[in-house]
Amino acid sequence: MKVYKTNEIKNIALLGSSGSGKTTLVEAMLYESGLIKRRGTVEGKNTVSDYFPVENEYGYSVFSTVLHTEWNNKKLNIIDCPGSDDFVGGAVTALNVTDTAIILLNGQYGVEVGTQNHFRYTEKFGKPVIFLVNQLDNEKCDYDNILEQLKDIYGSKVVPIQYPLHTGPDFNSLIDVLLMKKYSWKPEGGAPSIEEIPAEEMDKAMEMHKALVEAAAENDEELMEKFFEKESLTEDEMREGIRKGLASRGMFPVFCVCAGKDMGVRRLMEFLGNVVPFVSEMPKVENTDGEAIAPDVNAPTSLYFFKTSVEPHIGEVSYFKVMSGKVKEGDDLTNVDRGSKERIAQLYVVAGSNRIKVDELQAGDIGATVKLKDVRTGNTLNARDAHNRFDFIKYPNSKYTRAIKAVNESDTEKMMSVLNRMHEEDPTWIVEQSKELRQILIHGQGEFHLRTLKWRLENNEKIQIRYEEPRIPYRETITKAARADYRHKKQSGGAGQFGEVHLIVEPYKEGMPLPDTYKFNGQEYKMNVKGSEEISLEWEGKLVFINSVVGGAIDTRFMPAILKGIMARMEQGPLTGSYARDVRVIVYDGKMHPVDSNEISFMLAGRNAFSEAFKQAGPKILEPIYDVEVFVPSDKMGDVMGDLQGRRAMIMGMNSEKGYEKLSAKVPLKEMSSYSTALSSLTGGRASFIMKFSSYELVPSDVQDKLIKEFEASQAEE
């Protein structure tokens with residue numbers, strides 16, 4: 001295979017909802033370019049793109065698949081992304097390392113929520129977009145309606161380059177208004193016959209051609225002047241205008257294909273080869289120092305590793321993009337993130353599970369290597385003169401969490417090792433060993449996302465696991481001041497234990513003045529502050545510890561022990577064993593024994609005095625509240641809102657956003673446990689949501705009573 005230069009390489013992300021036909025399109029593209037001799041099918045479980053056992057089991061793409069093809073002396077690197085929102089990590093990764101997005105639309109359904117989710121990501125990353133209407137042979141396909149939907153949602157930037165003469169099972173021809181030709185196919189598809197446009201279609205074709213010429217001219221001043229002069233542009237000028245329009249997101253061209261019958265695929269590839277921007281024409285990527293790094297073949301070599309997968313019969317395969325310079329087999333590079341040295345022993349370009357050895361890859365290209373010692377997803381490898389580090393892929397927050405447990409406890413260590421490896425393959429699977437909840441948590445994008453992980457653990461790794469409801473990280477606090485004292489006394493021959501602590505607790509708020517006077521049961525307690533310590537807690541919130549002991553009632557050297565005892569109780573609150581926060585403790589009196597007082601005595605006295613005072617101080621449980629945004633078709637808005645209100649949600653606002661409704665709410669985490677499954681069921685999979693932590697708020701009193709009873713029952717069982 002020839003070595004492609006930076007200005008001969010185009011990197012493309014293939015996006016679209018589940019069922020839009022991305023995997024089938026890839027088969028047709030690879031077949032048309034001669035990379036494969038026959039086209040596989042999803043039903044036949046023999047496609048290049050879906051080659052993992054779990055993908056064949058479910059009939060879904062689970063991982064993004066890196067592919068390449070050669071067309072007209074250009075190299076097209078394509079990343080085929082899973083359609084399900086549960087596997088959005090693949091789309092996010094692909095958009096970060098490619099330069100153009102093709103968004104497929106299912107001819108039967110048109111614009112779906114998945115389409116809009118993917119478009120939002122292209123918007124966020126500033127990537128050019130081509131809309132591709134597939135499955136034109138579906139009897140329910142209505143191309144004109146799909147075009148109208150696209151224009152309603154994305155505006156006048158949507159410009160059709162082709163339209164079908166008819167849709168449904170008889171689809172076999174279309175009009176291309178860029179080339180002003182009619183394309184027709186025989187039933188087996190493949191190479192089209194190209195003819196003049198029939199007279200009865202000429203008016204419609206000319207009208208669409210003029211709109212395309214105008215849209216192309218708008219993206220370049222010189223072209224605009226030529227257009228005003230001649231009212232037309234040459235084919236090359238139009239291509240130049242469309243390329244600039246794509247690069248600036250000034251236009252979104254619309255193409256047509258029937259991937260299953262290999263109709264329109266060859267023409268699409270011509271457009272990708274001739275018109276889509278090259279790597280060198282797109283904005284530069286910044287390294288972690290904020291420097292823009294050009295894909296310059298003469299610069300020192302930097303590779304960014306964006307994907308790792310463990311593949312049958314070969315082991316770990318590491319996928320990278322050449323950010324600058326060039327890489328050859330035998331190159332010695334340094335891992336900036338881990339400080340280790342690596343040798344690139346083998347260099348490949350890939351098409352799914354097919355790997356083709358190459359001698360060299362240049363800036364902007366995408367390739368793979370195997371058997372690296374210490375490279376993880378997100379690492380940068382540099383040659384001696386390069387000083388780059390890249391960290392530009394940011395994944396969305398998790399939306400679905402389960403506690404995970406090996407059925408056989410002896411498998412726990414092996415399970416953790418496999419989970420950490422699987423996180424390398426899909427960084428949106430996040431593993432957390434929660435000290436607070438005493439559970440191993442697995443966070444993901446949805447129920448199907450975690451079901452896939454379970455299938456792989458049980459079928460590939462032979463580790464039986466079970467999922468459980470995750471405990472909720474409640475917090476405990478107090479709402480009023482209270483006083484308590486506690487004497488710890490123990491005598492058992494020889495030196496005993498003695499420590500007595502008198503203290504006051506009260507709610508802590510930022511900026512509150514130092515304590516002065518308190519009144520409990522008619523008795524006044526005047527404070528004389530000798531020292532104050534403010535502790536920012538690991539779990540957020542604060543503990544403020546004040547020494548107000550006078551007359552040497554407690555020696556200063558015992559104060560750290562008292563604080564240690566209080567901290568132990570803060571880590572396991574008296575109501576539900578949850579972390580306590582936002583408390584001010586004033587130790588104002590106590591007693592010592594000249595022989596028996598020691599650190600352990602004052603630690604225990606401090607802990608118990610704090611516990612008693614806490615229970616009298618109007619203790620309250622706080623629960624985590626999340627900001628939730630739901631993107632939902634308008635016909636399902638009422639159902640979704642009713643369901644959220646049943647989850648104790650506070651609706652914050654609603655607005656229409658490009659063809660769908662956006663509902664904003666604040667919802668307790670406890671109520672979001674199975675939300676992704678419920679939302680999918682309510683809307684037939686047409687809605688999606690995002691959530692992020694907002695704050696801790698007081699739980700309603702009936703919920704608090706229930707939580708305390710549940711905790712007491714669990715303690716009694718233990």
Which atom names give the shortest non-hydrogen contact between [X] and [Y], and what distance separates them?
| X | Y | result |
| --- | --- | --- |
| Met592 | Phe602 | CG-CZ, 3.6 Å |
| Ser536 | Lys542 | OG-CE, 3.5 Å |
| Gln445 | Asn397 | NE2-O, 3.2 Å |
| Ile478 | Ala617 | CB-O, 3.3 Å |
| Tyr508 | Gly511 | OH-N, 4.1 Å |
| Pro624 | Pro473 | CD-O, 3.9 Å |

Any [X] side-chain heavy atom under 4.5 Å of [Y] side chain:
| X | Y | result |
| --- | --- | --- |
| Ile440 | Met415 | yes |
| Ile546 | Pro515 | yes |
| Ile562 | Ile554 | yes |
| Leu575 | Phe711 | no |
| Leu707 | Tyr474 | yes |
| Leu563 | Leu543 | yes |
| Ser340 | Lys373 | no |

Is the backbone of [Y] close enough, under 3.5 Å, to the side chain of [X] for a donor and an acceptor to pair up by distance?
| X | Y | answer |
| --- | --- | --- |
| Tyr467 | Leu450 | yes |
| Ser309 | Glu425 | no |
| Gln704 | Ile621 | yes |
| Gln464 | Asn408 | no |
| Asp643 | Asp639 | no |
| Thr683 | Leu679 | yes |
| Glu476 | Pro619 | no |
| Arg569 | Gln572 | yes |
| Thr377 | Glu424 | yes |
| Ser548 | Asn528 | yes |

Taking the inter-plane angle between the rings of Phe305 and Phe320 on a 0 to 90° scale, is it parallel (under 30°), tilted (30 to 60°) or perpendicular (over 60°)?
->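 Taking Phe320 first and then Phe305, their aromatic rings sit tilted (interplane angle of 30° to 60°).
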Would you call the rings of Phe392 and Phe390 parallel, tilted or perpendicular, where under 30° means parallel and over 60° means perpendicular?
->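 Aromatic pair Phe392/Phe390 classed perpendicular.
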Answer yes if the side chains of [X] and [Y] hold a donor-acceptor pair under 3.5 Å, and no otherwise.
| X | Y | result |
| --- | --- | --- |
| His449 | Asp426 | yes |
| Asn608 | Ser611 | no |
| Asn382 | Thr334 | no |

Atom pair [atom1] ([X]) and [atom2] ([Y]), whose distance is rounded to the nearest 0.5 Å:
| X | Y | atom1 | atom2 | answer |
| --- | --- | --- | --- | --- |
| Asn388 | Glu286 | CG | CD | 11.5 Å |
| Met570 | Thr477 | CE | OG1 | 7.5 Å |
| Met691 | Ile625 | CE | CD1 | 10.5 Å |
| Ile566 | Phe614 | CD1 | CZ | 12.0 Å |
| Lys454 | Glu447 | NZ | CD | 11.0 Å |
| Leu663 | Met652 | CG | CE | 11.5 Å |

Set of side-chain hydrogen bond (donor to acceptor under 3.5 Å, both in side chains) partners for Asp411, sequence neighbours left out |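 Per chain and number, Asp411 pairs via side-chain hydrogen bond (donor to acceptor under 3.5 Å, both in side chains) with no residue.
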For Tyr525, all residues meeting side-chain hydrogen bond (donor to acceptor under 3.5 Å, both in side chains), sequence neighbours excluded =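 Tyr525: side-chain hydrogen bond (donor to acceptor under 3.5 Å, both in side chains) contacts with Arg483, Gln523.
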Go through Ser673 and Arg402 one step at a time and tell me if the side-chain contact (heavy atoms from CB on, under 4.5 Å) criterion holds.
-> CA-CA 8 Å; Ser673 166; Arg402 283 291 174 269; 3.4 Å; yes
Residue among Glu623, Glu436, Glu540 satisfying salt bridge (Lys or Arg N to Asp or Glu O under 4.0 Å) with Arg475 =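 Of the listed options, the one satisfying the test is Glu436.
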For Glu671, the option from Arg647, Lys666, Arg648 that meets salt bridge (Lys or Arg N to Asp or Glu O under 4.0 Å) =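 Of the listed residues Arg647, Lys666, Arg648, the salt bridge (Lys or Arg N to Asp or Glu O under 4.0 Å) partner of Glu671 is Arg648.
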Before giving the answer on side-chain contact (heavy atoms from CB on, under 4.5 Å), spell out for Tyr579 and Glu571 the whole-Å C-alpha distance, their side-chain angles and the decisive distance to 0.1 Å.
-> CA-CA 5 Å; Tyr579 289 147; Glu571 284 189 22; 4.3 Å; yes
Picking from Lys489, His488, Lys490, His593, what satisfies side chain to side chain donor-acceptor pair (under 3.5 Å) with Gln497?
->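 For Gln497, the side chain to side chain donor-acceptor pair (under 3.5 Å) test succeeds with only one of Lys489, His488, Lys490, His593, which is His488.
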Taking 4.0 angstrom as the limit, do Asp86 and Arg451 come out as a salt bridge?
->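 Salt bridge flag = no for Arg451 with Asp86.
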For Met654, does the CE atom have more than 12 heavy-atom neighbours from other residues, nucleotides or ligands under 6.0 Å away?
->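 Check fails, neighbour count at 12 or below.
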Can you establish whether the number of heavy atoms outside Glu409 located under 6.0 Å from its atom CD is more than 12?
->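 No - once you tally the heavy atoms of other residues, nucleotides and ligands closer than 6.0 Å, there are 12 at most.
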With side-chain hydrogen bond (donor to acceptor under 3.5 Å, both in side chains) as the test, would you mind laying out the steps for Ser656 and Glu661 before giving the verdict?
-> CA-CA 4 Å; Ser656 295; Glu661 304 294 325; 3.1 Å; yes
Sub-6.0 Å ring centroid separation between Phe87 and Phe448 =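 Yes, the ring centres sit under 6.0 Å apart.
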Can you list the residues that meet the ring-ring contact (aromatic ring centres under 6.0 Å, His included) rule with Tyr675, with sequence neighbours excluded?
->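 Tyr675: ring-ring contact (aromatic ring centres under 6.0 Å, His included) contacts with Phe689.
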Decide yes or no on side-chain contact (heavy atoms from CB on, under 4.5 Å) for Asp337 and Arg389, but give the supporting numbers first.
-> CA-CA 8 Å; Asp337 302 85; Arg389 183 172 172 269; 2.7 Å; yes
Kindly indicate, with the supporting measurements, whether the criterion salt bridge (Lys or Arg N to Asp or Glu O under 4.0 Å) is fulfilled by Glu524 and Lys526.
-> CA-CA 6 Å; Glu524 201 170 83; Lys526 196 158 181 62; over 6 Å; no
Step by step, work out the side-chain hydrogen bond (donor to acceptor under 3.5 Å, both in side chains) result for Ser318 and Glu316.
-> CA-CA 7 Å; Ser318 304; Glu316 201 166 274; 4.6 Å; no
Stepwise, does the salt bridge (Lys or Arg N to Asp or Glu O under 4.0 Å) test hold for Lys414 with Glu461?
-> CA-CA 9 Å; Lys414 184 183 174 189; Glu461 309 294 338; 5.4 Å; no
Can you list the steps and then say if Tyr395 with Thr93 is a side-chain contact (heavy atoms from CB on, under 4.5 Å)?
-> CA-CA 8 Å; Tyr395 293 100; Thr93 300; 2.7 Å; yes
